[in-house]
Each structure stands twice: as C-alpha cells, then as structure tokens.
Novice: 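Please see the structure below; I have some questions.
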Amino acid sequence: MNEPITLYVVPASHPCMAVMAGLDMKGLEFERHDLMFGLSNVHQFVRFRARTVPGITIGERKIVGSRPILRALDELVPEPSLRPADPALSAEVDKAEEWGDLVLQEHARWIVLTAARQAPEALESLTAGYKVPSIPSWVTKRMGAGADLEMRLLGYTGAQVKNEWIPALPATLDHVDDLIARGVIGGHQPNVADLQIGSSVRLLLNVEDIRPGIEERPAGKLARRLFPDYPGHIPAGCITSPF
C-alpha cells in the first residue's frame, strides 16, 4: 500500500480511537493530525465537507466517519479481516457495530461531557499524548458552557443525559455483555463491532463515578484489552452512579 494515509482526530475521541486501532491491526503506517476541541468542526468542514471526526485521506480519497473508514481499511488490507467470514455472524457484527455507532457512541460521549462539565479542569487530561496546545484554565472554565451549547444544538439536553442515559447505563452494558457471551464481539480476532463498542466503553471507564460498575464486567475487561492506553480522567463527584 503505497498511498499516503493521513488521519485527522480529536483527543480522546472514541471513534477516532477505534480507527487508530484498526489501522494498527492492519499494519498501516499513517500520519496523525491532532485537532483542538472546539475547532475541529471548522477544519473538518473545510477539508471534508463534514463536521465530524475521524476523517482520513488515503491518497486522493477522503472518508469521514469510523464505520466507512474501517470498511475502507478492509478493502486496502483484507487480512486480518475486520468482519467475520461467516455470513450469519457477519450480519450480527454489522448490527452490533451500527448500534455501537448510533447509540452507545452518542451516550458515552454525552455522559462523559456531562461529567466533565462539573470538572472542566479535567478536560486537560483528555489531551495527554496529543500534539495540541495546552488548555489555559480560563478556557476550561468556559468549555463547559460550550459543551452545553453544542448539546442543545444537537438536540440533547443535560436532563436527557441525567434522567435517561445515565440510569440506562447498566442495561446498556448488559447488552454489551450479552454480545460478548454470544460471540458477536470479544473473540480472539477483534472485528468492527469490537472496535466501535470497545472504544466507547473504554471512554466511560475514564469517569471515576461509574468506573467501579463497569471495569469488572465482561464489557469493561474487553474495553481495557482492546484499548489499554486511553487518555483522560474525570474525578469522582461529577455524576450520580447508576450502579
């Protein structure tokens, strides 16, 4: 594979972590461009005509979003495959991946932001290992308000996160544990659903209030196996644990 690969990420982004794990599994070398919180939307729209991360260029090809990118990686390097050869299992993996992308990924993102809203100084910890400017304290104090605005623009509210998504977290993780028990994820060879779901669970493990209720579950153990190094720590006392 001679085409240059450039990946555009935001620090600690779980879909970005999923794609980086996929690139590593494929043995593909890539250049990573780290984008700053709050500025990535502008950069991504200019470069990709889309606001979200991750975005990747493979030669002249531009792709945005973890699911399309992971499929493109399978096209570039077929082995090890990120999707099972068995059609029935592959269909289950695709279904789990879609749920991980559209449901779990969103819940994890806004649960963590809700917690970080109470300890904005913890946002600095999410940038560990990334080449982005240090966040001044006066900026972190205002980033919580920025997160609130972004949530409202996207149709999410703090009440929805606190009253629905956080209380539902045990049942959400039960579903992940069930996927592991049924062999859809958690096998020796990680698949696209492993990466999509595992990265979201691993992000949640950074929230001290809920970490004890996650880490001993099959879901928590899988997340740590797939993503042993993950930046960020949200201290206790930021959200009410549902466990």
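Just so you know, these numbers come straight off a predicted model, no measurement behind them. Worth knowing before you read on, the calculation uses all heavy atoms, side chains too, and leaves out hydrogens, waters and symmetry mates.
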Novice: Please lay out, stage by stage, how Val201 and Phe227 fare under the test side chain to side chain contact (heavy atoms under 4.5 Å, CB included).
Specialist: CA-CA 10 Å; Val201 175; Phe227 300 93; over 6 Å; no
Novice: Side-chain contact test, heavy atoms from C-beta onward, threshold under 4.5 Å: evaluate it for Leu203 versus Ile111 and give yes or no.
Specialist: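 When only atoms from C-beta onward are counted, Ile111 and Leu203 do not touch, as no gap falls below 4.5 Å.
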Novice: Taking all non-hydrogen atoms of both residues, which atom of Leu205 and which atom of Ala223 are closest, and how far apart?
Specialist: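 Looking at all heavy atoms of both residues, the closest pair is CD1-CB, 4.2 Å.
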Novice: Using the salt bridge (Lys or Arg N to Asp or Glu O under 4.0 Å) rule, take Lys95 and Glu92 through it: C-alpha gap first, then chi angles, then the decisive distance, then the call.
Specialist: CA-CA 5 Å; Lys95 182 179 178 181; Glu92 287 292 313; 5.4 Å; no
Novice: Would you say Lys62's side chain and Ile56's backbone share a donor-acceptor pair under 3.5 angstrom?
Specialist: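 Judged by distance alone, no pair lies under 3.5 Å.
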Novice: Nearest heavy-atom pair of Pro170 and Pro167: which atoms, and what distance?
Specialist: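 Smallest interatomic distance, heavy atoms only, reads CD-O, 3.3 Å.
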Novice: Looking at CH2 of Trp165 and OG1 of Thr114, how far apart are the two atoms once the value is rounded to the nearest 0.5 Å?
Specialist: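 One finds 8.5 Å between CH2 of Trp165 and OG1 of Thr114.
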Novice: So does Gly220 get a backbone contact from the side chain of Glu215, meaning a donor-acceptor N/O pair under 3.5 Å?
Specialist: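 No, the answer is negative, given that no donor and acceptor are paired below the 3.5 Å cut-off.
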Novice: How far apart are the closest heavy atoms of Ala72 and Ile58, and which atoms are they?
Specialist: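 That closest heavy-atom pairing would be CB-CD1, 4.5 Å.
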Novice: Starting from the C-alpha separation in whole Å, work towards a yes-or-no answer on side chain to side chain contact (heavy atoms under 4.5 Å, CB included) for Leu169 and Phe243.
Specialist: CA-CA 8 Å; Leu169 192 53; Phe243 300 105; 4.1 Å; yes
Novice: Measuring only between side-chain heavy atoms, which start at C-beta, is Asn163 closer than 4.5 Å to Gln160?
Specialist: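 In short, these two side chains do not touch, never coming nearer than 4.5 Å.
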Novice: Hey, is CG on Asp229 packed in by over 12 heavy atoms from elsewhere, all under 6.0 Å?
Specialist: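 Open.
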Novice: At what distance, to the nearest 0.5 angstrom, does CG of Leu195 lie from CG of Leu70?
Specialist: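 Rounded to the nearest 0.5 Å, the CG-CG separation comes to 6.0 Å.
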Novice: Can you confirm whether Arg217 sits close enough to Asp174 that some side-chain heavy atom of one is under 4.5 Å from a side-chain heavy atom of the other?
Specialist: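 Side chain of Arg217 against side chain of Asp174, heavy atoms only: contact under 4.5 Å found.
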Novice: Rounded to the nearest 0.5 Å, how far apart are CG of Leu226 and CG of Asp194?
Specialist: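 Rounded to the nearest 0.5 Å, the CG-CG separation comes out at 5.5 Å.
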Novice: Where do Asp34 and Lys131 land on the salt bridge (Lys or Arg N to Asp or Glu O under 4.0 Å) test, with the steps shown first?
Specialist: CA-CA 6 Å; Asp34 301 336; Lys131 295 179 180 179; over 6 Å; no
Novice: For Tyr8, give me all partners under ring pair (Phe, Tyr, Trp, His ring centres under 6.0 Å), at least two apart in sequence or on another chain.
Specialist: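 Checked Tyr8 against ring pair (Phe, Tyr, Trp, His ring centres under 6.0 Å); matches are His33, His43, Phe48.
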Novice: Is there a side-chain contact between Pro15 and Arg109 in this structure, where contact means two heavy atoms from C-beta onward sitting under 4.5 Å apart?
Specialist: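 They are in contact (side-chain heavy atoms under 4.5 Å apart), so the answer is yes.
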Novice: Evaluate side chain to side chain contact (heavy atoms under 4.5 Å, CB included) for Val112 paired with Leu204, printing each intermediate quantity in order.
Specialist: CA-CA 7 Å; Val112 171; Leu204 289 167; 4.3 Å; yes
Novice: Is the closest side-chain heavy-atom distance between Gln196 and Ser66 below 4.5 Å?
Specialist: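 Result yes, sub-4.5 Å side-chain heavy-atom pair found.
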Novice: Whether the side chain of Asn191 engages the backbone of Val184 through a donor-acceptor N/O pair (distance < 3.5 Å, no angle test) should be reported.
Specialist: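 Yes.
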Novice: Between the main-chain N or O of Ile234 and the side-chain N or O of Asn206, is there a donor-acceptor pair closer than 3.5 Å?
Specialist: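 Judged by distance alone, no pair lies under 3.5 Å.
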Novice: Of all heavy-atom pairs between Pro120 and Gln118, which one has the smallest distance, and what is that distance?
Specialist: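 Shortest heavy-atom contact: CD-C, 3.6 Å.
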Novice: Check whether any side-chain heavy atom of Glu97 lies under 4.5 Å from a side-chain heavy atom of Arg83, and answer yes or no.
Specialist: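 Answer no - side chains too far apart.
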Novice: Mind checking the OG1-CE spacing from Thr127 to Met36? Nearest 0.5 Å is all I need.
Specialist: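 Rounded to the nearest 0.5 Å, the OG1-CE separation comes to 7.0 Å.
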Novice: Just how far is it from atom CG of Asp101 to atom CZ of Arg67, taken to the nearest 0.5 Å?
Specialist: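 It comes to 4.5 Å.
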Novice: What I'd like to find out is whether the side chain of Tyr230 reaches to under 4.5 Å of the side chain of His14, using heavy atoms alone.
Specialist: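 They are in contact (side-chain heavy atoms under 4.5 Å apart), so the answer is yes.
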Novice: With the side chain counted from C-beta on, respond yes when Val64 and Pro68 share a heavy-atom pair under 4.5 Å apart, and no when they do not.
Specialist: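 No. Closest side-chain heavy atoms not under 4.5 Å.
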Novice: Please find the pair of heavy atoms, one from Val10 and one from Cys16, that lie closest to each other, and give the distance.
Specialist: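 Between these two residues, the closest heavy atoms are N-SG, 3.8 Å.
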Novice: For Ile210 and Pro242, work out which heavy atoms get closest and say how close.
Specialist: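 Heavy atoms only, the tightest pair is CG2-CD, 3.8 Å.
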Novice: Quick check on side-chain contact (heavy atoms from CB on, under 4.5 Å): which of Ile185, Leu173, Asp177 does Pro218 satisfy it with?
Specialist: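 Per the side-chain contact (heavy atoms from CB on, under 4.5 Å) rule, the option paired with Pro218 is Asp177, out of Ile185, Leu173, Asp177.
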Novice: Mind running side chain to side chain contact (heavy atoms under 4.5 Å, CB included) on Met25 and Leu82 for me, showing each step along the way?
Specialist: CA-CA 9 Å; Met25 287 173 58; Leu82 294 173; 3.4 Å; yes
Novice: Nearest 0.5 Å please: distance from the OG1 atom of Thr172 over to the CD1 atom of Ile214.
Specialist: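 Between atom OG1 of Thr172 and atom CD1 of Ile214 there are 10.0 Å.
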